[in-house]
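Numbers restart at 1 for each chain; the letters A, B, ... are given by sequence-line order, proteins then strands. Because the structure is a prediction, the values reported are computed rather than measured.
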2 protein chains.
Amino acid sequence: MSGWEPVRRTRAFEDVIAQIELRIAGDGLTVGDRLPAERHLAEQLQVSRSSVREAMRVLETLGVVSSQAGRGPDAGAVLISKPAEALTDLLRLHLGLSSLSLDEVVDARLMIEQWSAAHASVHGADLSVLAAALERMERATTAEEFVEHDTAFHVGIAEASGNRLIAAIMLSLRDSLRRYAVEAVERLGDTAGLMADHHRIYRVIAAGDPAEASAAVETHLRYAYPDISPALRPREHGAEPAGP
Amino acid sequence: MSGWEPVRRTRAFEDVIAQIELRIAGDGLTVGDRLPAERHLAEQLQVSRSSVREAMRVLETLGVVSSQAGRGPDAGAVLISKPAEALTDLLRLHLGLSSLSLDEVVDARLMIEQWSAAHASVHGADLSVLAAALERMERATTAEEFVEHDTAFHVGIAEASGNRLIAAIMLSLRDSLRRYAVEAVERLGDTAGLMADHHRIYRVIAAGDPAEASAAVETHLRYAYPDISPALRPREHGAEPAGP
DNA sequence: GACCACAGTATGGTCTGACCATATTTTTTC
DNA sequence: GAAAAAATATGGTCAGACCATACTGTGGTC
């Protein structure tokens, strides 16, 4: 009686998700296309409407469908693509569970900012969004307002890198850290230093120098967040492993 | 009649999620703790069990709860922390929707691999997992088997960096790219070159040199994936922006 | 006392059918 | 023809039932 595989009991709503995913891959469903109404889907797939609805909640959570009630062309479930919102929810919950620490999120942000700035500098994208964000930052009167445009500036860099996945991750990290960004601005008291950093970042990206762009971002973040983990240096020979 | 805010109709399951999130933040609920049974939660929150279940599907999708049927200490909904699985689902679906391109995922992977290797080299973590993966790679007879241990090696580097968020993203990216990794190994035909790369990566990480580790990873990935986007170089003055 | 079979029970998983809120479409009325 | 009313299709919610699962308790057997 050995060698038997455990029966993998798949739940009904999982089958619904799998079917929808098959349609996406096979029938070439894409963003903007509508899915059948919940009642029709339930009948066609021979499951209850509850199971279809649970599948919809999952797909909605992952940022691939959006549901609208009512009647007409805009009603029903439509395929969308909002990975950033899903990532934001994910980060927020796991930060709350303390399964991710703030340090880890901040370090990830530094990595992505440097990468984005370096790639934006060679990608040749339109930088007018960055210039506009800089102007608005100059005119900001509160820390919240400053951070809002600061976020637009940094997310703009990620988008200018041409990588939508990186940009989505960047946006999620910023959303998760917004509170701490406001605290950082209030702690510094003066935004002159920050603005000098930002203008330097903009300048070197526009000049097309990836190494300088990466360095400028690192300088900026270390100024804004002194508690950030230290820069990497070669480990001393024979140094003991980290840990308590 | 202007200046009115649209009434933000919150759905019942969203309120349930918010309540659970409040308990996580306020009561210090953490990984391993159990949530009340669906029927009890429905009664306490004055909503139907369906709404509670839809909330559970969302939290399950985000990798923060796991549900077990039956009775006893292991039954019911338990708080967990599996961000990597949620990320994997997210990437797979958005890749299928063509809202993310393979290039973007591969580029993100290169970024994370370099960061991980550099930080692993200075973090002083236990590298025995990497050594074991190397041995198993040597003995692999099929491309699938090789890729399996190759994945363990690269994910091991990300874990050795000490950043769980980065490690989770790394794992998700690898899962999404597994198919292409197998193709890459089959295309190369011989794994001798790949093994030399891997041994070099292990060596420089163990030696504690972040710059060399980053370079070794980049060399390796460019060898395995010749189609990867080119290395960054300063943009020529007056170069035209990238086209469509 | 140790063991085992069996009923009891609490859990998630599923289904059915109903009703509500919303928004468009169709029909009726003036 | 325009306005008003009814019909209709959609997602959102609820109540109640039943099933499958897995532990818990109880009793009998040895």
> Determine, for A:R187 against A:E183, whether the closest basic-nitrogen to carboxylate-oxygen distance falls under 4.0 angstrom.
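No, no charged N to carboxylate O under 4.0 Å.
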
> Name the nucleic acid region contacted by A:A12, choosing base, sugar-phosphate or nothing; use a 4.0 angstrom heavy-atom cut-off, strictly under.
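Sugar-phosphate: the residue A:A12, judged by heavy atoms under 4.0 Å, touches backbone atoms but no base.
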
> State whether the side chain of B:S176 and the backbone N or O of B:S172 hold a donor-acceptor pair below 3.5 Å, judged by distance alone.
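The answer is yes, because a donor-acceptor pair under 3.5 Å joins these two groups.
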
> What is the distance, rounded to the nearest whole Å, between atom CZ of B:F13 and atom P of D:dG12?
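After rounding, the reported distance stands at 7 Å.
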
> Between D:dT13, D:dT10, D:dC14, spot the one nearest the side chain of B:S50, thanks.
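For B:S50, the side-chain atoms sit closest to D:dC14.
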
> Pull out every residue in residues 51-60 of chain B that has a heavy atom closer than 4.0 Å to any atom of DNA chain C, ordered by number, or say none.
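Within residues 51-60 of chain B, the residues near DNA chain C are B:R53, B:R57.
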
> Where the side chain of B:E135 meets the backbone of B:A132, is there a donor-acceptor pair that is under 3.5 Å apart?
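Answer holds: no.
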
> Heavy atoms only, 4.0 Å cut-off, all strands: where does B:G70 land among base, sugar-phosphate and nothing?
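It contacts base atoms.
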
> Could you tell me whether the side chain of A:R49 and the main chain of A:E43 form a donor-acceptor pair under 3.5 Å?
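Answer holds: no.
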
> If you pin A:A69 and A:R11 to their nearest nucleotides in DNA chain C, which one's is more 5'?
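Looking at DNA chain C, the more 5' nearest nucleotide goes with A:R11.
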
> For A:D74 and D:dT10, give me the distance from atom CG to atom P, rounded to whole Å.
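So the CG-P distance, A:D74 to D:dT10, works out to 14 Å.
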
> Any sub-3.5 Å donor-acceptor pair from A:E113's side-chain atoms to A:V217's backbone N or O?
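Not at all, since once roles are kept as given, no pair shorter than 3.5 Å links the two residues.
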
> D:dT10, OP1 or OP2 - any side-chain N/O from A:H40 closer than 4.0 Å?
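Yes.
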
> Just by modelled atom types, is the A:T30 backbone N or O under 3.5 Å from a matching donor or acceptor in the A:D33 side chain?
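Yes: the side chain of A:D33 pairs with the backbone of A:T30.
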
> Output all residues satisfying salt bridge (charged side-chain N to carboxylate O under 4.0 Å, His left out) with A:R178, sequence neighbours left out; order by chain, then residue number.
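A:R178 satisfies salt bridge (charged side-chain N to carboxylate O under 4.0 Å, His left out) with A:D175 only.
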
> How many whole angstroms separate atom CD of B:E43 from atom P of D:dA15?
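Taking CD of B:E43 and P of D:dA15, I get 11 Å after rounding.
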
> I'd like the 5' and 3' limits of the part of DNA chain C contacted by chain A, with heavy-atom contacts below 4.0 Å.
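Reading along DNA chain C, I get C:dG13 to C:dT25.
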
> Is the distance from OP1 or OP2 of D:dT8 to the nearest side-chain N or O of A:R71 less than 4.0 Å?
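The answer is no; no side-chain N or O of A:R71 sits under 4.0 Å from OP1 or OP2.
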
> Which word best sums up how the rings of B:H198 and B:F146 line up, parallel for under 30°, tilted for 30 to 60°, or perpendicular for over 60°?
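Tilted: the ring planes of B:H198 and B:F146 meet at 30° to 60°.
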
> If you measure from the Lys or Arg side-chain nitrogens to the Asp or Glu carboxylate oxygens, is any gap between B:R11 and B:E54 under 4.0 Å?
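Looking at B:E54 together with B:R11, the answer is no, because their closest N to O distance does not fall below 4.0 Å.
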
